[in-house]
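Reviewing the structure listed below.
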Amino acid sequence: MINRSIVRLLIYFLLLASLLFPLVVQSEEVIHEPQYLSKIVLCLDVEDYEPVYETTIFSIWDEKTVCWIRFNYQSQEPFMITWEWVGPEGRIYHTGELEMDAGDYYNYRTWYWISIQDFYAANLLGDWEVRVYVDDTLAAVKDFSLE
C-alpha cells in the first residue's frame, strides 16, 4: 500500500515537472564571453537605446523580435557584431551584421531584429534561438519561442 502511494506521488511529480520544464528551457540564456557581452535581452522594441517590452515569447502578430545587447570591447581594427537567428528546425533563418569602427566600447548598446508579422518567420512556429558573435567569437545564445 505504501508502494502505491509512493508511485502515485512520483507520477504526479513527474507530470508536474513535465509541465514546468518547457517554461524553464524556453527562456534559457547563455553568455559565453562575459568580458564582451554584459547583457542580452529579447524584446518587442527599443526606445532611447533601451529595450521595451522584454519577453521570450513572441506571437505571429508581433511586428518584430528584437535582440538588444550591451557589450564592452576594445579593438585596434574594425570588427563585426553578428546575430544568427536560428529557426525551430535548427537552420539559420537570417544573419545580421553590424560593422563597428576600431575603438574602446564600454557599456555600448546596439540591437538587431527580424520581422515577424506578414513575413516568412510567422510560418516557423516553435523554439528559436539567436546567437550573438563579436568578431567571430560566440558571445551569447538566447532562446525564445514564436507562437
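- Side-chain atoms of Asn72 come within 3.5 Å of backbone N or O of Asn107 as a donor-acceptor pair.
- When the shell of 6.0 Å around CD of Glu63 is examined, it contains 12 or fewer heavy atoms from other residues, nucleotides or ligands.
- Taken together through direct or relayed side-chain contacts under 4.5 Å among Ile, Leu, Val, Met, Phe, Trp and Tyr, Tyr133 and Ile92 form parts of separate hydrophobic clusters.
- Using a 4.5 Å heavy-atom threshold, the side chains of Leu125 and Ile60 count as touching.
- Between Arg109 and Ile69 there is no side-chain heavy-atom pair separated by less than 4.5 Å.
- Shortest non-hydrogen contact noted between Ser145 and Asp127 is CB-OD1, 3.6 Å.
- A distance-only check finds no donor-acceptor pair linking the side chain of Thr65 to the backbone of Ile114 [under 3.5 Å].
- Ring centers of Trp128 and Tyr93: under 6.0 Å apart, within the cut-off.
- Note: Phe58 and Phe144 meet the aromatic proximity criterion, with ring centroids under 6.0 Å apart.
- The closest side-chain heavy-atom distance from Thr56 to Lys142 is below 4.5 Å.
- Aromatic ring centres of Tyr36 and Phe71 lie farther apart than the 6.0 Å criterion allows.
- Between Tyr49 and Tyr108, the ring center distance fails the sub-6.0 Å criterion.
- Applying the side chain to side chain donor-acceptor pair (under 3.5 Å) rule to pairs touching residues 111-126 yields His94-Tyr112, sequence neighbours excluded.
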